[in-house]
> 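Here it is, the structure, as structure tokens.
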Amino acid sequence: MKFFNTLKDVFLSSLPLAGIILLVCGLIAPMESAHDYVRLAIGYFGVVFGQALFLGGLDISILPIGKLVGSSLIRFKKALFIILFGVLFGLVATVAEPALSVLAKQTHMIMNGVNETVFVWVLSAGIGAFVGFALLRIIKDYNIKIVFAALYVLVFAAVIFVPEQFVALAFDGSGATTGDVSVPFILALGLGVSATMSKHKTNDDTFGIIGLASVGPILALFVYGIILKASYGGELPPAGVYNPGANEGMVGIFTTNLGSVALALLPIVLVFLPFQLFLIKLSKKEFIEILLGTVAVYVGLLIFLSGIDYGFAFAGKYIGEVLLDPARPGYFTYILLGVSFVLGVAITLSEPAVTVLGEQLEEITNGHIKKMTIRITLAIGIGFAALLSMIKILTGINILWFLAPLYAIALLMMPFTSKLFVGLAFDSGGVTGGALTSAFLTPLTLGAAQAVAARSTTGAQSVLTNGFGIIAFISVTPLITVQALGIIYDVRRKKALKALKDAELFEFEELASLAEHSGEVPLDDEELFEAQPVLIERKEEPSGLPEAQEQAPSAPPVVESVPAFPDEADAVAAQTGDIPRSDAVTAGETGALRQGADTPAALAEVLKSEH
């Protein structure tokens with residue numbers, strides 16, 4: 001039953017994407033043959049069914065493994081062991097990421113010299129190394145703002161030495177490495193370490209661990225690109241043609257993926273087994289359930305990737321190319337820009353990670369920022385990110401002219417944002433570029449880049465240089481959006497606290513005014529401030545008046561009797577809704593004050609009930 005609910009959710013979330021595909025491929029630029037529509041249908045339903053099966057299996061296998069292993073690690077009590085295991089788990093969990101597998105296939109197709117397996121393990125190693133660093137930051141309590149600023153200064157400084165073909169690809173790889181498999185593992189480690197080994201002993205330190213881990217793949221792929229270029233004698237070979245599923249049928253693609261998917265999931269199982277034997281020790285029934293869930297993950301991932309390779313990626317590439325076909329009217333270019341924006345919005349709203357992010361922010365802000373507001377804000381922002389990516393492809397402008405200012409804005413916002421929202425913003429950048437983005441938006445941009453290169457007469461950029469970058473744009477958007485929401489929340493919170501303080505001060509000043517008119521010694525501002533803790537303590541401890549006076553002997557005495565309220569006091573009482581009284585407050589009425597009637601308004605209510 002749970003699987004069918006997941007299938008329904010995945011199907012409904014994919015409908016906007018399906019609508020765009022049908023609109024373009026069926027009405028605006030129809031495909032040439034019925035076979036292409038068959039490929040598209042098989043690919044679409046393969047992606048939907050495979051993703052649902054994958055997510056269903058994930059809930060009963062990979063996610064519990066991540067939580068169990070993460071909580072078990074804390075038993076070692078040694079920071080070095082925990083960091084080393086963090087590196088290992090970050091590595092093996094990322095190898096199984098669907099989005100990373102898709103990106104590896106796309107890169108290998110365009111540049112044959114890039115080995116798919118090596119590509120996946122290089123990026124996974126980057127995640128693993130920086131998961132270890134993120135855990136070290138939690139333990140040592142390094143300032144997260146300074147760490148992020150230093151790392152991204154390092155990233156943009158290193159760009160100088162990186163082949164241009166690997167710049168956009170590295171940022172895309174970073175976004176593709178943190179998804180449904182790796183994030184639960186990493187967060188489980190972070191939660192355990194922050195709750196037991198951080199100086200603050202709170203889960204707030206967990207925020208930022210995904211963002212820090214996402215820097216690793218960028219630097220790792222930078223190094224890989226430099227080494228690969230050197231291995232080719234200082235000149236990378238020209239980019240090939242991106243044509244997904246051109247030479248293989250569905251059966252051939254399915255067969256090819258059997259081994260690669262198994263190798264992606266095997267490391268997780270192998271790491272889990274020793275923990276099960278020596279530390280976790282689940283019952284036989286629970287252990288078998290996890291293994292069966294892993295089988296569901298395997299089959300779902302196999303169907304998902306095969307559906308992408310056969311028809312889904314083909315559809316994205318077709319739309320990117322056909323709308324830039326020189327034989328088509330010129331306004332088709334503007335249709336492509338509009339389609340890019342709408343697809344960015346639709347895919348963002350369908351990403352599970354964005355829904356989870358919205359729920360987290362709503363909980364952190366106590367409902368002041370609604371999850372739907374967050375989802376819509378992110379969706380519109382990522383829609384513009386997709387639009388910018390397409391503009392970059394059409395104009396051939398270097399991606400750094402876009403990314404450097406956007407990251408600079410994000411870094412400059414950090415001093416005005418709380419550490420919690422800084423960590424959450426960079427985490428959000430790591431998880432928004434999910435499997436659907438790699439499955440459809442990247443083929444769209446690769447197809448568009450291929451069309452731009454084909455119609456250019458002045459030597460356009462290669463597809464590898466110009467076609468990648470969509471995930472990079474999508475990943476940087478939440479860095480700005482979430483921090484902006486955090487700043488808005490902090491401003492609202494400070495205003496609310498100030499209003500509350502002013503209201504409390506007004507109550508005490510009013511009480512002082514009444515005491516002054518009744519013959520008591522007037523209170524100055526400092527005495528009023530000293531009196532507030534006594535009154536507040538009295539609210540928390542109804543019978544604690546003597547205790548409060550013992551704790552603050554210098555505080556002003558509580559009024560034991562009050563003569564008749566003068567006219568000014570009656571006016572104040574009328575404004576506050578209290579009932580003016582002209583008779584003296586007796587000792588019995590003063591007892592009501594001791595029982596919680598600590599303002600004139602409350603006292604009036606008590607007296608009203610007695611008379």
Side-chain angles (χ1 to χ4, degrees), residues 70 86 130-131 133-152 174 178 182-215 351 353-378 381 406-432 475-498 500:
F130 272 74
V131 166
F133 174 72
L135 296 177
L136 177 66
R137 185 206 72 81
I138 293 174
I139 295 170
K140 297 295 185 180
D141 195 30
Y142 298 144
N143 188 308
I144 194 169
K145 296 181 182 181
I146 296 175
V147 171
F148 273 127
L151 286 176
Y152 277 100
S174 171
T178 46
S182 60
V183 168
F185 264 84
I186 297 170
L187 286 181
L189 288 172
L191 285 169
V193 172
S194 62
T196 58
M197 302 191 70
S198 73
K199 293 183 179 180
H200 306 290
K201 298 290 188 295
T202 67
N203 289 338
D204 290 353
D205 286 327
T206 308
F207 294 110
I209 189 170
I210 302 297
L212 287 176
S214 298
V215 179
E351 284 287 359
V354 176
T355 302
V356 173
L357 172 63
E359 292 172 350
Q360 282 182 323
L361 276 172
E362 185 174 23
E363 181 180 352
I364 289 170
T365 61
N366 295 319
H368 289 286
I369 301 177
K370 302 298 181 185
K371 63 181 177 182
M372 185 51 66
T373 302
I374 298 159
R375 292 182 67 193
I376 292 174
T377 303
L378 277 177
L406 290 172
Y407 274 99
I409 291 171
L411 295 178
L412 290 173
M413 291 174 73
M414 289 196 301
F416 309 99
T417 312
S418 66
K419 290 181 180 180
L420 176 64
F421 274 94
V422 168
L424 191 57
F426 280 85
D427 281 356
S428 307
V431 300
T432 47
S475 296
V476 74
T477 303
L479 272 60
I480 299 172
T481 305
V482 175
Q483 286 194 90
L485 290 173
I487 292 171
I488 292 170
Y489 168 69
D490 285 339
V491 169
R492 288 179 178 177
R493 184 177 60 85
K494 288 176 182 178
K495 285 183 178 179
L497 289 175
K498 184 178 183 301
L500 180 62

> As an exercise, state the distance from CG of Leu151 to OG of Ser214, rounded to the nearest 0.5 Å.
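Leu151 CG to Ser214 OG: 11.0 Å, rounded to 0.5 Å.
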> Nearest 0.5 Å please: distance from the CG atom of Leu212 over to the CZ atom of Phe130.
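The CG atom of Leu212 sits 8.5 Å away from the CZ atom of Phe130.
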> Could you report the tightest heavy-atom contact between Lys145 and Pro415, atom names first, then the distance?
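Smallest interatomic distance, heavy atoms only, reads NZ-O, 4.1 Å.
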> Where is the tightest heavy-atom contact between Pro478 and Gly429, given as atom of each residue plus distance?
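Heavy atoms only, the tightest pair is CB-N, 3.9 Å.
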> Who passes side-chain contact (heavy atoms from CB on, under 4.5 Å) against Arg492, sequence neighbours left out?
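Partners of Arg492 by the side-chain contact (heavy atoms from CB on, under 4.5 Å) criterion, ordered by chain and then number, come out as Ile488.
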> For Thr178, give me all partners under side-chain hydrogen bond (donor to acceptor under 3.5 Å, both in side chains), at least two apart in sequence or on another chain.
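In terms of side-chain hydrogen bond (donor to acceptor under 3.5 Å, both in side chains), with neighbours along the sequence ignored, Thr178 is linked to no residue.
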> Write down the atom of Asp427, the atom of Ile210, and the distance for their closest heavy-atom approach.
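In terms of heavy atoms, the two residues are closest at OD1-N, 3.0 Å.
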> Distance from Asp141 atom CG to Leu136 atom CG, nearest 0.5 Å?
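The CG atom of Leu136 is 11.0 Å from CG of Asp141, to the nearest 0.5 Å.
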> Checking Ile480 now: which residues fulfil side-chain contact (heavy atoms from CB on, under 4.5 Å) with it, not counting sequence neighbours?
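Scan of Ile480 (side-chain contact (heavy atoms from CB on, under 4.5 Å), adjacent residues dropped) gives Leu406, Ile409, Ala410, Met413.
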> Starting at CZ of Phe207, measure out to CD1 of Ile138 and round the result to the nearest 0.5 Å.
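Nearest 0.5 Å value for the CZ-CD1 distance: 11.5 Å.
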> Looking at every heavy atom in both Thr477 and Gly381, which two are closest together, and how far apart are they?
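Between these two residues, the closest heavy atoms are CG2-C, 3.4 Å.
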> Could you work out, with side-chain contact (heavy atoms from CB on, under 4.5 Å) as the rule, every residue matching Ile376, not counting sequence neighbours?
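side-chain contact (heavy atoms from CB on, under 4.5 Å) list for Ile376, sorted by chain: Met372, Ile380.
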> My understanding is that only residues two or more places apart in sequence, or in another chain, count here; which of them pass side-chain contact (heavy atoms from CB on, under 4.5 Å) with Leu411?
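With sequence neighbours excluded, Leu411 shows a side-chain contact (heavy atoms from CB on, under 4.5 Å) to Tyr152, Met414, Phe426, given in chain and number order.
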> When Phe416 is tested against each of Asp490, Ile487, Val491 for side-chain contact (heavy atoms from CB on, under 4.5 Å), which residue passes?
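Result for side-chain contact (heavy atoms from CB on, under 4.5 Å) with Phe416: Ile487.
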> Under a 4.5 Å cut-off applied to non-hydrogen side-chain atoms, are Val215 and Phe133 in contact?
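SC-SC contact between Val215 and Phe133 ruled out.
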> Please determine which of Thr481, Val482, Leu378 meets the side-chain contact (heavy atoms from CB on, under 4.5 Å) test together with Ser428.
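So the option named by the test is Val482.
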> Do the side chains of Ile209 and Arg137 get nearer than 4.5 Å, heavy atoms only?
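Contact flag for Arg137/Ile209 side chains = no.
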> Go through the structure and list residues passing side-chain hydrogen bond (donor to acceptor under 3.5 Å, both in side chains) with Lys498, not counting sequence neighbours.
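Expected list: Asp502.
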